[in-house]
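Notes for the one structure printed next.
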Amino acid sequence: SFNDESGNISMVARTLFMQESIARGVLMPYVVPSFAHKKEDINFVVEVVKDSLKVMKEAAEGKGMASAIVGEVVKPVFRKFN
């Protein structure tokens with residue numbers, strides 16, 4: 001998970017990671033590799049994750065991750081009040 005400085009889950013970081021990985025062709029809300037994935041699939045996803053984390057690092061060291069998000073921050077699926 002992506003946590004903030006206080007150790008709480010960071011929906012901003014999660015949103016930016018998902019935004020960047022989707023832009024690179026991978027929809028991955030969580031990681032569950034299996035034997036169905038070929039070596040090429042895994043290598044592709046590893047590169048997507050590297051590139052996405054690089055964008056996150058640059059944003060965090062710059063104006064902040066929230067400034068790099070296009071649209072709204074994702075919300076947890078299960079919450080007390082929608």
Give a yes or no answer on whether the side chain of Asp51 reaches the backbone of Val48 with a donor-acceptor pair at less than 3.5 Å.
-> no

Donor on one side chain, acceptor on other, Asn3 and Ser1, under 3.5 Å | yes

Rounded to the nearest 0.5 Å, how far apart are CD of Glu20 and CG of Leu53?
-> 10.5 Å

Flag side-chain contact, heavy atom, 4.5 Å: Ile42 against Lys38 | no

Closest heavy-atom pair and its distance - Phe44, Arg24 | CZ-O, 3.3 Å

Do you know the tightest heavy-atom contact between Ile69 and Gln19?
-> CA-OE1, 3.4 Å

Where the side chain of Ser34 meets the backbone of Ala36, is there a donor-acceptor pair that is under 3.5 Å apart?
-> yes

Does Thr15 reach the main-chain N or O of Val74 with its side chain, forming a donor-acceptor pair under 3.5 Å?
-> yes

Crowding at CD1, Ile9 (>12 non-hydrogen neighbours, <6.0 Å) | no

Would you name the heavy atoms of Met11 and Lys75 that are closest together and state the gap between them?
-> CE-C, 3.9 Å

Heavy-atom check, side chain of Met65 versus side chain of Met56, under 4.5 Å = yes

Just one of Val55, Val49, Val12 clears the side chain to side chain contact (heavy atoms under 4.5 Å, CB included) bar with Phe17, so which one?
-> Val49

Could you tell me which non-hydrogen atom of Ser21 sits nearest to which non-hydrogen atom of Ser52, and how far apart they are?
-> N-OG, 3.3 Å

